[in-house]
S.K.: 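Following this message is one structure expressed as structure tokens.
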Amino acid sequence: MDKLKRTTVASALRDWESIGIGNSINLKGWVRTRRGNKNVTFIALNDGSIIHNIQIVANPADFNEEMFRLITTGSCISVIGELVESPGQGQAVELIAREIEVYGSADPETYPLQKKGHSLEFLREIAHLRPRTNTFGAVLRIRHAMSFAIHKYFNDNGFYYLHTPIITGSDAEGAGAMFRVTTLDPVNPPLTETGEVDYSHDFFGKATNLTVSGQLEGELGAMALSKIYTFGPTFRAENSNTPRHLAEFWMIEPEVAFYDIHDNMDLAEDFLKYLVNYALEHCMDDLEFLNKMYDHELIDRLRFATENDFKRLTYTEAVEILMTSGQKFVYKVDWGTDLQSEHERYLVEKHFKRPVILTDYPSTIKAFYMKQNEDGKTVRAMDVLFPRIGEIIGGSQREENYQKLVNRCREVEIPEKDIWWYLDTRKYGTAPHAGFGLGFERLILFITGMANIRDVIPFPRTPQNAEF
RNA sequence: UCCUUCUUAGCUCAGUUGGUUAGAGCAUCUGACUGUUAAUCAGAGGGUCGCUGGUUCAAGUCCAGCAGAGGGAGCCA
């Protein structure tokens, strides 16, 4: 074939005027559909650079018959031809094929992706091929754009990206069951005198796990660099089977020195609105597809979220609203117990009809490190609740007083020797500070309108499922 | 982990009060058509009804166990 640099489909469709009608280009991609007759064949080609296909027009008589038969749904081809204005409806330009090379055929009898739509459940079973669908192409491009926007937002606002460890030796993070990391022989591990596994012989000389949060280490960074964020994988060994939980997910955790709970809420709201705006500005093709195929209110909902203030109120105020709402709940509303999903949904979807930030929860239902209020009963926690997905952000102002923090550790039986390094930040040059955790996949759920978190990550990890 | 619904062709689903040889649309294959847009039209092939056991003259259909999936709940991001 001629030596021509590859042009992406995105470029051909967007920049065809500067490429020039009548000029030859080389497109490479995967065949979505093929139709036509003896005299003319139309091939819809997609290379993932954009949601749209480009139409390749070929005269079968001009090509080797054996080769031409291999151009079926799913096959991968390289086409050199002339970019022309399309006489047909539905596209501005198309490519008149002069040379075609088949990189890889795809047996139509066994290739699982068809021209017709598939259920999301079926696509989960073929996660190795689903990136080739319009839906997952759109989701994955949006996922990329959101990753980029997160780094851009923090960089533009003076935050430093802190790489907190994936493997941790601390059991004290308090965010649920963890995955053990070990190089010991599972069949015949070294034992202590009392018959327990002796992790002093393990790789790190102690028991280690995959991280459930980078927050504690993030605070160490904030106590030096002032404004930091983490963005990395997080692991929870909880047996959660819901459309909102993964065993392996990505989390963003900003942590800022000298911020109080109000600064923290301002940051969370500004950050989320920035991300939604970024998607509206940079991913409209993909959003329009998702809006059309899955969720007709998606774009309206995204616009609404950027244009309206989040409603801020305390846990105590929320409990009062719920108790006087007249609404029947399966679970009773009661000051001192955590709100159920149905309560949160009522507040967000029925009562306020907008994102809600709840603060000042009872200390008994929140983590040990949250700043204790004067009332002795509540802590400066904040949860950002979104329609359809519930808690998208959980955060707090942190307890910066050494003695109060140590006392709290003792109450909830966290051994000080395990987190001496964390307590040290309160001993030496302590400062008020605050931060939060944003579940990346939950953000992508909101942005894409997808209903199941397994459909917004390329290869989901859930109980009983680590295929691919 | 609990509650609940589901599992029939490659995919999405029908299948009546249990009754002969298991149905459709799409996909695939063959043919027709000189510009299609998830092309259209005609024809063909394609099934161990999730698995195991039970009830019955007879089970896709009823019962039990197991496996997998969906939805809801809990844990949370």
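In the text below, chain A, chain B and the rest are named by the order of the sequence lines, each starting its count at 1. All values derive from a computational prediction rather than experimental measurement.
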S.K.: Between B/A38 and B/U34, how far apart are the C1' atoms? Round to whole Å, please.
M.R.: 22 Å
S.K.: Quick one: label A/Ile252 by what it contacts on the DNA or RNA (base, sugar-phosphate, nothing), any heavy atom closer than 4.0 Å.
M.R.: nothing
S.K.: Under 3.5 Å, which N/O atoms of the protein pair with N/O atoms of nucleotides 23-25 of chain B?
M.R.:
none

S.K.: Could you tell me how far B/A24 sits from B/C62 if I compare only their P atoms? Round to whole Å.
M.R.: 23 Å
S.K.: Does A/Asp360 have any side-chain hydrogen bond (donor to acceptor under 3.5 Å, both in side chains) partners at least two apart in sequence or in another chain, and if so, which?
M.R.: A/Asn373
S.K.: Using whole Å, what does the distance between atom P of nucleotide B/A38 and atom CG of A/Leu113 come to?
M.R.: 17 Å
S.K.: For the aromatic rings, using the six-membered ring if either is Trp, is the centroid distance between A/Tyr229 and A/His151 under 6.0 Å?
M.R.: yes
S.K.: Over how many whole Å does the gap from A/Phe122 atom CZ to B/U8 atom P extend?
M.R.: 12 Å
S.K.: May I ask you to decide whether A/Asp47 forms a salt bridge with A/Arg132, counting only side-chain N to carboxylate O separations under 4.0 Å?
M.R.: no
S.K.: What side chain to side chain donor-acceptor pair (under 3.5 Å) pairs are there with at least one residue in residues 446-455 of chain A, not counting sequence neighbours?
M.R.: A/Arg124-A/Asp455, A/Arg130-A/Asp455
S.K.: What is the separation between atom NZ on A/Lys115 and atom C1' on B/U36, rounded to the nearest whole Å?
M.R.: 11 Å
S.K.: State which residues pass side-chain hydrogen bond (donor to acceptor under 3.5 Å, both in side chains) with A/Asn134; sequence neighbours excluded, sorted by chain then number.
M.R.: A/Arg32
S.K.: How many whole angstroms separate atom CD1 of A/Ile447 from atom C1' of B/A77?
M.R.: 15 Å
S.K.: What nucleotide, of B/C11, B/G74, B/A77, holds the atom closest to the side chain of A/Ser240?
M.R.: B/G74
S.K.: Salt bridge check, A/Arg312 against A/Glu269: does any charged N sit closer than 4.0 Å to a carboxylate O?
M.R.: yes
S.K.: A/Phe310 ring centre to A/Lys273 NZ or CZ under 6.0 Å, with the angle to the axis within 45°?
M.R.: yes
S.K.: What contact category does A/Ser119 fall into here, base, sugar-phosphate, or nothing, at under 4.0 angstrom with non-hydrogen atoms?
M.R.: sugar-phosphate
S.K.: Classify A/Gln89 by what it touches in the nucleic acid, base, sugar-phosphate, or nothing, heavy-atom distance under 4.0 Å.
M.R.: base
S.K.: Can you tabulate the close N/O pairs, meaning under 3.5 Å, that link protein atoms to atoms of nucleotides 66-71 of chain B?
M.R.:
unit_1	atom_1	unit_2	atom_2	d
B/G70	OP1	A/Arg124	NH1	2.8
B/G70	OP1	A/Arg454	NH1	3.2
B/G70	OP2	A/Arg454	NH1	3.2
B/G71	OP1	A/Asn452	ND2	3.4
B/G71	OP2	A/Asn452	ND2	3.4

S.K.: Dump every N/O contact between nucleotides 29-35 of chain B and the protein below 3.5 Å, one line per pair.
M.R.:
unit_1	atom_1	unit_2	atom_2	d
B/C33	OP2	A/Lys38	NZ	3.2
B/U34	O4'	A/Asn39	ND2	3.3
B/G35	N1	A/Glu94	OE2	2.7
B/G35	N2	A/Gln55	NE2	3.4
B/G35	N2	A/Glu94	OE1	2.5
B/G35	N2	A/Glu94	OE2	2.9

S.K.: Round to a whole Å and report the spacing from CG of A/Leu120 to C1' of B/U12.
M.R.: 13 Å
S.K.: Return the set of residues passing side-chain hydrogen bond (donor to acceptor under 3.5 Å, both in side chains) with A/Ser75 (not counting sequence neighbours), or none when no residue passes.
M.R.: none
S.K.: Are any of the side-chain nitrogens in A/Arg301 or A/Asp295 under 4.0 Å away from the carboxylate oxygens of its partner?
M.R.: yes
S.K.: Could you check, using the six-membered ring where one of them is a Trp, whether A/Phe271 and A/Phe154 have ring centers closer than 6.0 angstrom?
M.R.: yes
S.K.: Taking the six-membered ring for Trp, are A/Tyr361 and A/Tyr315 parallel (under 30°), tilted (30 to 60°) or perpendicular (over 60°)?
M.R.: tilted
S.K.: With sequence neighbours excluded, what pairs up with A/Lys311 under the side-chain hydrogen bond (donor to acceptor under 3.5 Å, both in side chains) test?
M.R.: none
S.K.: Could you tell me the separation between the CD atom of A/Gln340 and the P atom of B/C76, rounded to a whole number of Å?
M.R.: 11 Å
S.K.: Return yes if the base of B/G10 and the side-chain atoms of A/Gln114 contain a donor-acceptor N/O pair under 3.5 Å, otherwise no.
M.R.: yes
S.K.: Taking only the C1' atom of each, what is the distance from B/C41 to B/A14 in whole angstrom?
M.R.: 25 Å
S.K.: From CE of A/Met293 over to P of B/A38, roughly how many Å is that when rounded to an integer?
M.R.: 10 Å
S.K.: Could you name each residue pair satisfying salt bridge (charged side-chain N to carboxylate O under 4.0 Å, His left out) that touches residues 433-449 of chain A, not counting sequence neighbours?
M.R.: A/Arg143-A/Glu441
S.K.: So A/Phe459 and A/Phe468, would you call those rings parallel, tilted or perpendicular, with 30° and 60° as cut-offs?
M.R.: tilted
S.K.: Need one value for A/Tyr111: base, sugar-phosphate or nothing, where a base atom within 4.0 Å counts as base even if backbone is also close, heavy atoms only.
M.R.: nothing
S.K.: Pairs in or reaching into residues 29-67 of chain A: which pass ring-ring contact (aromatic ring centres under 6.0 Å, His included), with residues at least two apart or in two chains?
M.R.: A/Phe63-A/Phe68
S.K.: Nearest-Å distance, CG (A/Leu123) to C1' (B/G10)?
M.R.: 13 Å
S.K.: Between B/U5 and B/A42, how far apart are the P atoms? Round to whole Å, please.
M.R.: 42 Å
S.K.: Under a 3.5 Å cut-off on both pairing distances, which runs of 3 or more consecutive Watson-Crick or G-U pairs involve RNA chain B?
M.R.: B:1-7 with B:67-73, B:10-13 with B:23-26, B:28-32 with B:40-44, B:50-54 with B:62-66
S.K.: Identify whether any heavy atom of A/Ile392 sits under 4.0 Å from a base atom; if not, whether one sits that close to sugar-phosphate; answer base, sugar-phosphate or nothing.
M.R.: sugar-phosphate
S.K.: Using the P atom in both, what is the distance from B/G45 to B/G68, to the nearest Å?
M.R.: 37 Å
S.K.: Can you tell me how far C1' in B/G35 sits from the matching atom in B/U40, rounded to whole Å?
M.R.: 13 Å
S.K.: When the P atoms of B/G50 and B/A59 are considered, how many whole Å apart are they?
M.R.: 15 Å
S.K.: Only pairs at least two apart or in different chains count here, so list each salt bridge (charged side-chain N to carboxylate O under 4.0 Å, His left out) that has a residue in residues 241-256 of chain A.
M.R.: A/Glu255-A/Arg398
